[in-house]
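Single-structure report; data block below.
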Amino acid sequence: DMPAEVTFESACETQIPFGKKHRGETLGTLVRTKSGRSYLRYLLDWDDLYEELRANIEFLMAAYAAEKDAAGPSKKRKR
């Protein structure tokens, strides 16, 4: 079965259905933080990750990367 068409809204609302730390959190919440994106990249390495969840994660990670590229270089202060 092919996953349903992914939209930004549906991807953001998708919840992590397993685990101890992130169960029930939405992908939209996780993609907003560095640690959340790290966890999503970790999930993408799983061979047996649910295809619909994989499609939603890939969609949001690509959207985040495109938004970051469009924003230009980061203006973080050097310490």
Side-chain angles (χ1 to χ4, degrees):
D1 289 344
M2 292 291 295
E5 184 176 341
V6 178
T7 66
F8 185 78
E9 293 77 18
S10 67
C12 284
E13 293 171 1
T14 299
Q15 293 184 340
I16 299 292
F18 47 75
K20 294 178 183 175
K21 184 174 181 182
H22 296 293
R23 180 192 302 257
E25 286 191 62
T26 64
L27 299 183
T29 299
L30 290 169
V31 79
R32 290 185 184 105
T33 66
K34 186 175 181 178
S35 63
R37 290 187 301 278
S38 177
Y39 178 67
L40 295 177
R41 283 190 293 275
Y42 164 75
L43 292 181
L44 289 174
D45 284 340
W46 290 14
D47 290 336
D48 56 352
L49 184 65
Y50 308 130
E51 285 305 312
E52 187 173 344
L53 184 56
R54 178 181 303 281
N56 281 291
I57 293 171
E58 289 173 344
F59 182 94
L60 278 185
M61 293 295 278
Y64 173 81
E67 183 179 300
K68 188 174 178 185
D69 288 346
S74 175
K75 294 191 164 89
K76 290 185 179 177
R77 280 190 262 165
K78 292 183 180 178
R79 293 179 181 198

- Query: Thr7 versus Cys12: any side-chain heavy-atom pair under 4.5 Å?
  - Reply: no
- Note on the structure: In this structure, CG of Leu40 is separated from CG of Asn56 (nearest 0.5 Å) by 10.5 Å
- More than 12 non-hydrogen atoms from neighbouring residues, nucleotides or ligands closer than 6.0 Å to CZ on Phe18, yes or no? yes
- Please round to the nearest 0.5 Å and tell me the distance separating atom OG1 of Thr26 and atom CD1 of Ile16. 8.5 Å
- Task: Of all the heavy-atom pairs spanning Arg23 and Pro17, show the shortest one and how long it is.
- Result: NH1-O, 3.6 Å
- Could you tell me the separation between the OG1 atom of Thr29 and the CD atom of Gln15, rounded to the nearest 0.5 Å? 9.5 Å
- Atom pair CH2/CG of Trp46 and Leu49 - distance to nearest 0.5 Å: 7.0 Å
- Query: If every non-hydrogen atom of Glu25 is compared with every non-hydrogen atom of His22, which pair is closest and at what distance?
  - Reply: OE2-ND1, 2.8 Å
- Query: In chain order, what residues pass the side chain to side chain donor-acceptor pair (under 3.5 Å) check against Tyr64, with sequence neighbours excluded?
  - Reply: Arg37
- Item | Interatomic spacing from CG in Leu60 to CZ in Arg32 - rounded to 0.5 Å | 9.0 Å
- Enter the distance from Ile57:CD1 to Leu27:CG here, rounded to the nearest 0.5 Å. 5.5 Å
- Task: Could you check if a side-chain atom of Ser38 sits within less than 4.5 angstrom of a side-chain atom of Arg41, using non-hydrogen atoms only?
- Result: yes
- Item | salt bridge (charged side-chain N to carboxylate O under 4.0 Å, His left out) pairs, two or more places apart, involving residues 54-64 | Glu51-Arg54
